[in-house]
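Written out below as structure tokens is the structure these notes cover.
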Amino acid sequence: MTAAPVDPTSTSAWARLASLAEGFSPDLRAWFDQDPGRVERLTRTAGDLRVDLSKSLVDDDVLAALLDLAEEVGLAARREAMLRGERINVTEDRAVLHTALRLPRDTPADRRPTVDGQDVVADVHEVLDRVYAFADRVRNGDWTGVTGERVRTVVNIGIGGSDLGPVMAYEALAAYRQEGLECRFISNIDPTDAATTLAGLDPATTLFIVSSKTFGTLETLTNARLCRQWLLDGLRERVGDLTDGPGDRAAVAQHFVAVSTALDKVADFGIDPDNAFGFWDWVGGRYSLDSAIGTSLAIAIGPERFAELLAGFHAMDEHFRTAPAADNVPVLMGLLNVWYTDFLGAGTHAVLPYSQLLHRFPAYLQQLTMESNGKGVRWDGSPVTTDTGEVFWGEPGTNGQHAFYQLLHQGTRLVPADFIAFANPAYPLADGDEDVHELFLANFLAQTRALAFGKTADEVRAEGTEESVVPARVFTGNRPTTSIIAPDLTPSVLGQLVALYEHITFTQGVVWGIDSFDQWGVELGKQLAQQVGPALAGDADALAEQDASTRALIAYYQEHRRR
């Protein structure tokens with residue numbers, strides 16, 4: 001799959017879409033009035049998710065052209081290449097097999113991908129078995145700290161995909177956590193993150209998971225060393241000089257485990273390599289929640305629930321693999337995003353979960369989508385021929401309604417939005433006789449209706465509004481939304497949601513001809529930070545190598561830093 005990608009702008013489908021966009025004047029009110037079957041025709045089911053696309057800015061002609069575009073750029077062939085384990089991550093010469101992380105143990109031979117002759121499914125389940133066994137030991141109290149006390153807090157140390165996935169899922173699945181066992185997460189190299197996360201914890205009952213594939217990530221290893229020192233200092237306060245007892249190394253080995261394949265570096269840090277859980281270079285960080293990176297989550301919710309999460313991922317994978325393009329939810333949503341981005345001028349995309357438990361889901365999707373598709377060259381190194389990527393953002397409803405929905409409803413920018421909700425709350429409560437969840441979902445339904453159909457000037461006047469105020473109270477409507485609803489936010493449904501957006505991202509990347517699985521754009525800033533560091537510390541030669549703006553900022557820092 002290293003051949004040049006198809007230039008989407010060279011296809012007949014792209015030309016049709018460009019022509020359709022020229023005279024495109026969406027009118028959702030009229031479309032709904034004139035087409036009683038629109039909702040049924042544009043609603044799909046994938047796993048437990050009901051996905052209503054009827055409020056999208058799309059008609060039958062646009063949809064047909066988008067489906068033809070998917071065929072002309074070879075979406076199906078590239079999907080199959082990914083699932084087979086071909087090295088479609090060409091700039092790193094790697095396979096892309098996050099879908100293998102959730103393949104069942106008994107997957108038939110003809111569906112089991114191999115990499116360099118290695119049975120990937122067997123490797124995955126060998127690690128899963130070890131993670132599950134470890135999680136059970138922590139959960140039932142068999143794993144203790146050096147004082148013999150059971151673990152009460154698990155602190156995950158990671159950054160990027162080694163943090164965003166586990167913390168998002170931990171928050172989302174709060175209703176499934178084991179009582180008396182808390183997880184916390186440290187990611188930022190800002191020392192405030194470590195200090196505030198560790199505040200109030202007892203080192204004797206704290207377990208650290210250091211998540212770094214290479215065990216060389218600057219932020220993660222810095223934070224790991226800070227936590228190691230905090231642990232040893234705290235244990236000395238509890239049990240005295242560790243040299244008279246278990247010793248520093250034994251204490252670290254009992255209170256630290258790793259998710260890494262660099263066993264030599266793990267051992268040098270003081271972690272027993274037997275307590276290191278590996279994953280593979282065919283798993284990108286932002287696709288790694290369902291690998292050993294999810295060890296903290298497996299401890300929090302237990303192996304059985306973690307297995308349900310994986311089953312949810314797999315259910316969406318199977319839908320993406322087998323459903324015809326016209327019924328394939330990730331394909332349709334990905335193609336709609338291309339339509340909005342490249343033909344209607346949208347630069348951002350909002351994700352608005354009407355579930356407080358999903359408050360970290362938009363942040364998780366920021367990395368998934370923007371690190372994947374924020375590219376300016378195609379997988380053969382040639383410049384892209386279209387706009388690529390969107391800025392993903394969002395907050396849970398109803399908080400967002402009182403913050404940025406003004407722009408969504410009456411602003412000048414087109415912002416496609418995905419609304420996510422659940423029929424049943426994790427924590428049902430009533431305000432007197434009123435079901436608060438129903439009040440909540442009324443907002444979910446009302447917002448998509450208002451965005452789609454708006455409010456005309458005549459409707460505003462009919463309410464008795466003064467004429468001078470009428471323009472300010474008009475809602476133009478025709479603001480595109482997708483509604484996703486499921487019965488409950490279960491581990492399985494969470495897995496389905498994450499996999500849905502993984503495959504949406506893949507679909508868009510194939511249309512644009514980019515490698516969605518590398519992330520070279522994060523490297524330059526990290527390299528330059530290594531050069532700037534000595535200048536901050538007072539190295540005159542390093543300072544002289546900086547640009548004038550950086551030198552001035554360093555001078556300000558040095559003048560105001562208190563030591």
Side-chain angles (χ1 to χ4, degrees), residues 28-29 32-33 36 38-40 42-56 168-177 301 305 308 312 329 333 350-362 364-365 393-410 415-455 459 463 473 475 477 479-498 500-501:
L28 284 168
R29 282 196 179 204
F32 271 75
D33 288 344
R38 180 176 174 86
V39 173
E40 183 178 356
L42 289 176
T43 297
R44 301 289 187 274
T45 299
D48 296 304
L49 308 182
R50 175 187 171 91
V51 181
D52 181 353
L53 303 172
S54 64
K55 298 187 184 79
S56 302
M168 178 277 293
Y170 177 76
E171 295 293 322
L173 300 177
Y176 296 89
R177 299 177 198 159
I301 66 173
R305 296 299 192 185
E308 292 173 12
V329 173
M333 291 181 69
V351 178
L352 309 171
Y354 275 66
S355 168
Q356 184 61 29
L357 293 173
L358 285 179
H359 71 105
R360 293 294 291 163
F361 193 57
Y364 175 79
L365 293 184
W393 59 283
E395 285 286 334
T398 55
N399 293 7
Q401 293 175 200
H402 293 265
F404 52 78
Y405 276 38
Q406 170 66 46
L407 184 147
L408 298 185
H409 283 286
Q410 292 184 311
V415 183
D418 299 343
F419 283 72
I420 304 170
F422 305 95
N424 298 290
Y427 302 98
L429 294 172
D431 180 15
D433 294 331
E434 186 169 32
D435 184 329
V436 177
H437 188 64
E438 288 190 354
L439 174 63
F440 188 42
L441 285 198
N443 280 270
F444 161 78
L445 297 168
Q447 291 297 327
T448 60
R449 177 179 171 181
L451 287 163
F453 307 122
K455 194 174 192 178
E459 288 170 337
E463 296 174 342
R473 298 186 63 179
F475 291 73
R479 310 293 176 120
T481 64
T482 295
S483 296
I484 302 171
I485 191 164
D488 302 90
L489 180 52
T490 63
S492 175
V493 165
L494 180 63
Q496 292 169 46
L497 280 170
V498 174
L500 169 65
Y501 281 91

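Applying the salt bridge (charged side-chain N to carboxylate O under 4.0 Å, His left out) test to Glu395 and every residue at least two apart in sequence or in another chain returns nothing. Listed by chain and number, the residues in a ring pair (Phe, Tyr, Trp, His ring centres under 6.0 Å) with His437 amount to none (sequence neighbours excluded). Listed by chain and number, the residues in a ring pair (Phe, Tyr, Trp, His ring centres under 6.0 Å) with Tyr170 are Phe185 (sequence neighbours excluded). Residues passing the salt bridge (charged side-chain N to carboxylate O under 4.0 Å, His left out) test with Arg449, sequence neighbours excluded: none. Shown here are the salt bridge (charged side-chain N to carboxylate O under 4.0 Å, His left out) partners of Glu463, two or more places apart in sequence or in another chain: Lys455, Arg473. Among residues two or more places apart in sequence or in another chain, the side chain to side chain donor-acceptor pair (under 3.5 Å) test is passed with Asn443 by Gln401. With sequence neighbours left out, the side chain to side chain donor-acceptor pair (under 3.5 Å) criterion links Thr481 to no other residue. Shown here are the side-chain contact (heavy atoms from CB on, under 4.5 Å) partners of Ala446, two or more places apart in sequence or in another chain: there are none. Tyr354 pairs by the ring pair (Phe, Tyr, Trp, His ring centres under 6.0 Å) definition with Phe419, Phe440, Phe444, not counting sequence neighbours. Under the ring pair (Phe, Tyr, Trp, His ring centres under 6.0 Å) criterion, Tyr405 pairs with no residue at all, not counting sequence neighbours. With sequence neighbours excluded, the residues forming a side chain to side chain donor-acceptor pair (under 3.5 Å) with Ser54 are Asp52, listed by chain and number. With sequence neighbours left out, Arg38 forms a salt bridge (charged side-chain N to carboxylate O under 4.0 Å, His left out) with no residue at all.
No more than 12 heavy atoms of other residues, nucleotides or ligands shown are found within 6.0 angstrom of CZ on Arg50.
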